[in-house]
A.B. asks: 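Below is one structure. I have some questions about it.
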Amino acid sequence: MKKHEFAPILFAFAAACGPLETGVAVGEAGLVLPPGTRIVNSRAALVGALRDASFHGTIYVPPDAFISLTGERNLPLREGVTLLSQREGTTEGAWLFTNDLEALNPNSEGEPEKYSLFDVQGNNVRVEGLRLQGPSMSHDSTLLGVRGIEIDTSRFRNLVVINNELYGWPGAAISVTGAVDQDRPEEVPMGTVHMSRAEAGQVLITANHIHHNVRDSSGYGVVVGHGAYATVEGNVFDFNRHAVACDGRPFTGYIAHLNYVLEGGYCEGGGTWGYYNQHFDVHGRGAGGYGGYAGEYFDISYNTVRGEQMYDGVMTRPALMLRGSPSVGAYFNSNVLCHDDSGEAVRLDDGSLFASAFSNVFIGTNRYNLDPSNELLTGDFDGDGKDDVLLGNGTARFVSRAGQTSWRLIGGSPYRRSEIAVGRFDSNGKDDVFVRASDGGWYFSSAASGPLTRLGSSGVAMSELRFGDFDGDGLTDIFRADGTKWWVSWSGRSTWSALNTSVGRVADLRFGDFDGDGTTDVFSLSGGQWSYARGGKGSWQRLNSLLSSDLSSLVFADFDGDGKSDIAQRDSSNGWRYSQRGQTAWRVLRTASGQTQFADPRLVVFGDFDGDGTADALRFDTASRRFVRWSSRVGDAFAAWSRHDMR
């Protein structure tokens, strides 16, 4: 496999996920806490630990904690402190929140004092696994600009904010600032401390869900300014005024890789002249924030961006708006976008809406007019007995645990659904991801999150491969058919072995376990009836009469929980019918229930999302942008399932 096919960029997330020191084990996920950890589950204990100037270790907040910090301001995150909870599986992590929007201590110009809930006051600080809720999700521009986490990089470095949910912050979820107040590089006094682009990894914001930070004229997911840099990598952004913004001051910039930006957003201003704000933003230092210098260096690459709302009849919400010329460069490359072209995706704006040109702007090869949000796969990637939903969005792999949680980054990958399969290629009890590289190499990622491990190779195209356990050993085998024989590679590691003699090609075959013996059977319409070859071996055996000759309309899953595959199809009334084990006459599976958008079972993904042993169906609801679920044990209607917007 060529290097550029899978991990072409700095992937700091992996380095940030190292294990904690050996100590006390807590929680279902088996988290091991370092010796000396302070376990806190109340406001008094948490605030006391944070304000203890002598403490420099881990502060652990159990994931079921619900703590109001209203009235607290600028809680210190001191040297060497890790503020930690568990945000794994379907657990969301400890919930810390403030409702404090009171304006205190106006400055000399009469402006109210802004504050951050957490203020970094030392080096080597880590915030992980928490649910941090700010005081408002309104876009009212008069709200106090409260920030969730703030760091002054002219004083402190080495901050990691990883695997948190941050929302409801009128100012910014995360503010990264410094000491540079000038508009042009030559105006910055000698000796002023500022960061360089090589130091961007010293502020790492990765694998977070950052949403509903929307205050008009503020409302940033991440804002970088005053000579600071940050690496913003593998986060999910939704309903932010800007996902990532920069004030454009000298020696300032950001690196944004592998982020998944969903389509949510408010139309700022409303009425006739309302507008949607860009996802990635860079201010110019000219009048009103337009023109002149615009920071130093920006690398916005390998992101997937959805929101492309139209407004004023002719304008499109851009992925990036650059409002001046960076002193080194702005690079927009290898992104996957819903936008039609670079003209829609990137706007250069000097204050007249359409600047003719800025210096040092480089728009590389991106993929436009592409929406991979429906390209979903299912598998139990954490071994909890519930299927998860996997999205390969063209730049990274994200997973929603049991289809209920927000998207969470599990790996960088350019592969999409047609290039990915799910199976089990090791013995850890979790499903894996299989990919075929362009050079024919076969690789799998253990639990969909491990590094790619080579299995074998073949010149057979991915579209001609199928996957199943044909020998019942618990590992996935790889199947192909050449029109005269069926072939199998055992566990994907052996050379091709003849499995059967048959004229059937993979387009004419389907797969399931119709007899419940733990091996994959092959299904076809052979002999004018529904037939199957047990374990892919031997002759065709009759399964049923030809209940339907339209193979493309059939779906295969275990709808009654007996451990055997059933066959379903849309019926004439827009409901679903099914044949148990493929052997009975058609029976009602689901009535239409008035939900015509869910009438075709081929347009959903099936999996056991609640762990009850039966197949559920999952699909996006077009109105809510959330997953809705149908279960044979619950009823006919699809009902709300995911906790967050998913596209």
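The chain is numbered in sequence order, starting from 1.
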A.B. asks: Is the closest basic N to carboxylate O distance between Arg626 and Asp645 below 4.0 Å?
C.D. replies: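 Judged by the 4.0 Å cut-off on N to carboxylate O distance, Arg626 and Asp645 do form a salt bridge.
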A.B. asks: Is a donor on one side and an acceptor on the other found under 3.5 Å between the side chain of Ser325 and the backbone of Ser359?
C.D. replies: yes
A.B. asks: Please report the interatomic distance CD(Glu263) to OG(Ser373), rounded to the nearest 0.5 Å.
C.D. replies: 7.5 Å
A.B. asks: I'd like to know if Asp299 pairs up with Arg197 as an ion pair, taking the criterion as any Lys NZ or Arg NE/NH1/NH2 lying under 4.0 Å from an Asp or Glu carboxylate oxygen.
C.D. replies: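 Looking at Asp299 and Arg197, the cut-off is not met.
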A.B. asks: With side chain to side chain donor-acceptor pair (under 3.5 Å) as the test, pick out the partner of Asn366 among Asn335, Asn303, Asn333, Asp341.
C.D. replies: Asn335
A.B. asks: Roughly how far, to the nearest 0.5 Å, is the CE atom of Met646 from the CG atom of Leu618?
C.D. replies: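 Result: 8.5 Å between the selected atoms.
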A.B. asks: Salt bridge or not for Arg602 and Asp600, using N-O below 4.0 Å?
C.D. replies: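 Salt bridge: yes.
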A.B. asks: Backbone N or O of Val628 within a donor-acceptor pair of the Asp621 side chain at under 3.5 Å?
C.D. replies: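 Side chain of Asp621 to backbone of Val628: no pair is present.
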A.B. asks: Any ion pair linking Glu419 and Arg416 (charged N to carboxylate O, less than 4.0 Å)?
C.D. replies: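 Answer for the salt bridge query: no.
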A.B. asks: Measuring from Ser327:OG to Phe251:CZ, what's the distance to the nearest 0.5 Å?
C.D. replies: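 Nearest 0.5 Å value for the OG-CZ distance: 7.0 Å.
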A.B. asks: Is it true that Asp238 and Arg625 make a salt bridge, defined as a side-chain N closer than 4.0 Å to a carboxylate O?
C.D. replies: yes
A.B. asks: Under a 4.0 Å threshold between the charged nitrogen and the carboxylate oxygen, would Asp388 count as salt-bridged to Arg401?
C.D. replies: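 Asp388 and Arg401: salt-bridged.
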A.B. asks: Ion pair present between Arg131 and Glu92, side-chain N to carboxylate O less than 4.0 angstrom?
C.D. replies: no
A.B. asks: Using atom types as modelled and distance alone, determine if a side-chain donor or acceptor of Ser400 lies under 3.5 Å from a backbone N or O of Thr405.
C.D. replies: yes
A.B. asks: Got a donor-acceptor contact below 3.5 angstrom from the Asp431 side chain to the Asp380 backbone?
C.D. replies: yes
A.B. asks: Just wondering, do Phe280 and Val305 contact through their side chains at under 4.5 Å, heavy atoms?
C.D. replies: yes
A.B. asks: Is the Tyr368 to His339 ring centre distance short of 6.0 Å?
C.D. replies: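 Here the rings of His339 and Tyr368 have centres that are no less than 6.0 Å from each other.
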A.B. asks: For the pair Ser413 (side chain) and Ala396 (backbone), establish whether a donor and an acceptor sit closer than 3.5 Å, ignoring hydrogens and angles.
C.D. replies: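 Flag not set: sc Ser413 to bb Ala396 has no pair under 3.5 Å.
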A.B. asks: Within the structure provided, determine whether Phe381 and Asp387 are in side-chain contact (heavy-atom separation under 4.5 Å).
C.D. replies: no
A.B. asks: Ignoring hydrogens and geometry, is there a side-chain-to-backbone donor-acceptor pair from Thr252 to Arg249 under 3.5 Å?
C.D. replies: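 Here the side-chain-to-backbone pair exists.
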A.B. asks: Would you check, one step at a time, whether the test salt bridge (Lys or Arg N to Asp or Glu O under 4.0 Å) holds for Asp281 with Arg241?
C.D. replies: CA-CA 10 Å; Asp281 177 60; Arg241 183 169 168 270; over 6 Å; no
A.B. asks: Would you mind checking if Asp371 and Arg306 are paired as a salt bridge, meaning a charged N to carboxylate O distance below 4.0 Å?
C.D. replies: yes
A.B. asks: Spell out, as yes or no, whether a donor-acceptor pair under 3.5 Å connects the side chain of Thr316 to the backbone of Pro318.
C.D. replies: no
A.B. asks: For ring-ring contact (aromatic ring centres under 6.0 Å, His included), just list the numbers for Phe237 and Tyr260, CA-CA rounded to whole Å, side-chain angles, deciding distance to a tenth of an Å, and then say yes or no.
C.D. replies: CA-CA 6 Å; Phe237 291 100; Tyr260 188 25; over 10 Å; no
A.B. asks: So, does Arg215 use its side chain to make a donor-acceptor pair with the main chain of Trp169 at under 3.5 Å?
C.D. replies: no
A.B. asks: Evaluate ring-ring contact (aromatic ring centres under 6.0 Å, His included) for Phe362 paired with Tyr331, printing each intermediate quantity in order.
C.D. replies: CA-CA 5 Å; Phe362 307 95; Tyr331 297 83; 4.7 Å; yes
A.B. asks: Starting at CG of Leu159, measure out to CD1 of Ile151 and round the result to the nearest 0.5 Å.
C.D. replies: 4.5 Å
A.B. asks: Determine, using ring centers only, whether Phe425 and Phe434 are less than 6.0 Å apart.
C.D. replies: yes
A.B. asks: Checking Thr153 side chain against Thr177 main chain: does a donor-acceptor pair fall under 3.5 Å?
C.D. replies: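 Side chain of Thr153 to backbone of Thr177, a donor-acceptor pair under 3.5 Å: yes, one is there.
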A.B. asks: Roughly how far, to the nearest 0.5 Å, is the CG atom of Asp247 from the OH atom of Tyr220?
C.D. replies: 8.5 Å
A.B. asks: Regarding Arg454 and Tyr443, do their side chains bring together a donor and an acceptor under 3.5 Å, going by distance alone?
C.D. replies: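 Per modelled atom types, Arg454 and Tyr443 side chains form a pair under 3.5 Å.
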A.B. asks: Under 3.5 Å, is there a donor-acceptor pair between the side chain of Asn277 and the main chain of His242?
C.D. replies: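 No, because the side chain of Asn277 does not come within donor-acceptor range (under 3.5 Å) of the backbone of His242.
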A.B. asks: Quick one, His209 with His644, criterion ring-ring contact (aromatic ring centres under 6.0 Å, His included). Give me CA distance, side-chain angles, the key distance, then yes/no.
C.D. replies: CA-CA 10 Å; His209 182 204; His644 302 274; 4.9 Å; yes
A.B. asks: So, Asn163 versus Arg87: side-chain donor-acceptor pair below 3.5 Å or not?
C.D. replies: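 A pair is found: one side chain offers a donor N or O, the other an acceptor, under 3.5 Å apart.
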A.B. asks: Should the ring pair Tyr254 and Phe298 be called parallel, tilted or perpendicular, given that the plane angle runs from 0 to 90° and is split at 30 and 60?
C.D. replies: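 The rings of Tyr254 and Phe298 stand perpendicular, inter-plane angle above 60°.
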A.B. asks: Do Ile174 and Leu166 pass the side chain to side chain contact (heavy atoms under 4.5 Å, CB included) test, and can you show the C-alpha distance, the side-chain angles, and the key distance before you say yes or no?
C.D. replies: CA-CA 9 Å; Ile174 303 171; Leu166 302 103; 4.2 Å; yes
A.B. asks: Any salt bridge linking Arg417 with Glu375? Criterion: basic side-chain nitrogen under 4.0 Å from a carboxylate oxygen.
C.D. replies: no
A.B. asks: Would Phe358 and Asp350 count as a side chain to side chain contact (heavy atoms under 4.5 Å, CB included) here? Give the steps.
C.D. replies: CA-CA 9 Å; Phe358 284 135; Asp350 62 1; 3.8 Å; yes
A.B. asks: Are Tyr167 and His212 near enough that their ring centres are under 6.0 Å apart?
C.D. replies: no
A.B. asks: Decide yes or no on ring-ring contact (aromatic ring centres under 6.0 Å, His included) for Phe627 and Phe620, but give the supporting numbers first.
C.D. replies: CA-CA 5 Å; Phe627 285 144; Phe620 285 115; 4.8 Å; yes
A.B. asks: To the closest 0.5 Å, what do you measure between OG1 (Thr395) and CG (Leu258)?
C.D. replies: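 Rounded to the nearest 0.5 Å, the OG1-CG separation comes out at 6.0 Å.
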